[in-house]
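Model, not experiment: these values are computed from the prediction.
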Amino acid sequence: QIQLVESGGGLVQAGASLRLSCLASGRNLGNYAMGWFRQAPGKEREFVAAIGWSGGPTIYADSAKGRFTISRDNTKNTVYLQMNSLKPEDMAVYYCAATMPVLLYRNPNQYSDWGQGTQVTVSS
């Protein structure tokens, strides 16, 4: 089983940037496709972005396109989510998740391993 730990969240003003990191341990990150999800209070967990095992392909939610970039460094066992031009509606707990590398999924039920999440707060 792969263990995932997110970091990099915080409180920022609208328009600012944050880079989230997801550090994996226990298994080789290169064996997994990875996704980022978020969950705001009272809402369901929603897909943000996903990346293939080798760094491509990548897919994004419409809300993330043009502002967020998912990337990975398998030598560091880390996946990143660069978030630019943050909006108050981006405020949520952000989770990284691992899945088998064959396909990229938007459905959180297709992911087998999850981190504990990191809070992103955006003030207007």
Side-chain angles (χ1 to χ4, degrees):
Q1 188 176 4
I2 190 169
Q3 288 81 47
L4 304 170
V5 178
E6 303 92 337
S7 62
L11 170 63
V12 297
Q13 290 189 330
S17 298
L18 279 175
R19 188 176 79 156
L20 306 183
S21 298
C22 173
L23 178 64
S25 62
R27 295 285 178 89
N28 185 350
L29 186 67
N31 292 333
Y32 297 85
M34 298 295 295
W36 283 98
F37 292 79
R38 67 187 184 186
Q39 188 166 19
K43 295 187 177 181
E44 293 186 352
R45 192 166 297 189
E46 66 173 357
F47 171 76
V48 177
I51 187 168
W53 67 271
S54 63
T58 57
I59 57 174
Y60 294 91
D62 288 344
S63 59
K65 286 179 182 177
R67 298 188 302 126
F68 294 3
T69 302
I70 188 171
S71 62
R72 65 192 296 161
D73 185 343
N74 289 342
T75 67
K76 296 182 178 178
N77 257 15
T78 303
V79 178
Y80 304 98
L81 184 69
Q82 177 67 43
M83 303 187 296
N84 299 328
S85 302
L86 282 162
K87 304 175 182 179
E89 51 264 43
D90 295 318
M91 185 162 56
V93 178
Y94 282 72
Y95 300 89
C96 67
T99 187
M100 297 308 293
V102 177
L103 294 173
L104 298 184
Y105 298 105
R106 299 174 183 266
N107 186 342
N109 294 329
Q110 298 292 343
Y111 290 76
S112 56
D113 299 279
W114 293 81
Q116 84 291 345
T118 186
Q119 176 71 49
V120 172
T121 303
V122 184
S123 63
S124 57

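Between the N74 side chain and the W53 main chain, a donor and an acceptor come within less than 3.5 Å of each other. A side-chain donor-acceptor contact under 3.5 Å links T99 to the backbone of Q110. Checking side-chain atoms of R72 against main-chain N and O of G52 turns up a donor-acceptor pair under 3.5 Å.
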Practice item. Mind running side chain to side chain contact (heavy atoms under 4.5 Å, CB included) on N107 and F47 for me, showing each step along the way? Key: CA-CA 7 Å; N107 186 342; F47 171 76; over 6 Å; no

Exercise for review: Apply side chain to side chain contact (heavy atoms under 4.5 Å, CB included) to N28 and N77, showing your working.
Suggested key: CA-CA 7 Å; N28 185 350; N77 257 15; 4.0 Å; yes

Exercise for review: Show the numbers, then the answer: is there a side chain to side chain contact (heavy atoms under 4.5 Å, CB included) between T118 and S7?
Suggested key: CA-CA 6 Å; T118 186; S7 62; 5.6 Å; no

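Here the side chains of K76 and S21 are not in contact, with every heavy-atom distance at 4.5 Å or above. Put simply, the side chain of E6 does not reach to within 4.5 Å of the side chain of L20, judged on heavy atoms. Contact of the I2 side chain with the L29 side chain is registered, since non-hydrogen atoms from C-beta on lie closer than 4.5 Å. Counting heavy atoms from C-beta on, the side chains of E46 and R106 never come closer than 4.5 Å. Using a 4.5 Å heavy-atom threshold, the side chains of M34 and L4 count as touching.
Across all non-hydrogen atoms, the minimal contact from A14 to P88 is CB-CD, 4.1 Å. Here the closest non-hydrogen pair linking M91 and Q119 is CG-NE2, 4.1 Å. Closest non-hydrogen pair, S85 versus R67, comes out as O-NH1, 3.0 Å. Here the closest non-hydrogen pair linking S71 and V79 is O-CG1, 3.3 Å. Nearest heavy-atom pair across V12 and S17 is CG1-O, 4.4 Å.
I70 is connected to L18 through a chain of hydrophobic side-chain contacts under 4.5 Å among Ile, Leu, Val, Met, Phe, Trp and Tyr, so both are in one cluster. Grouping the Ile, Leu, Val, Met, Phe, Trp and Tyr side chains by contacts below 4.5 angstrom, directly or via other members, places V48 with V122.
Separation of atoms CD (E89) and CZ (R38) is listed at 8.0 Å; rounding is to 0.5 Å. We find the CD1-OG1 distance between I51 and T58 to be 6.5 Å, quoted to the nearest 0.5 Å. The CE atom of M83 lies 11.5 Å from the CZ atom of R19; values are rounded to the nearest 0.5 Å.
Under the disulfide bond (SG atoms under 2.5 Å apart) criterion, no residue pair touches residues 25-81, with sequence neighbours excluded. Applying the ring-ring contact (aromatic ring centres under 6.0 Å, His included) definition to pairs two or more places apart or across chains, those involving residues 64-121 are F37-Y111, F37-W114. Identified under the disulfide bond (SG atoms under 2.5 Å apart) test for residues 15-119, with sequence neighbours left out: C22-C96.
Note on K87 versus D90: no salt bridge recorded, every NZ/NE/NH1/NH2 to OD/OE distance being 4.0 Å or above.
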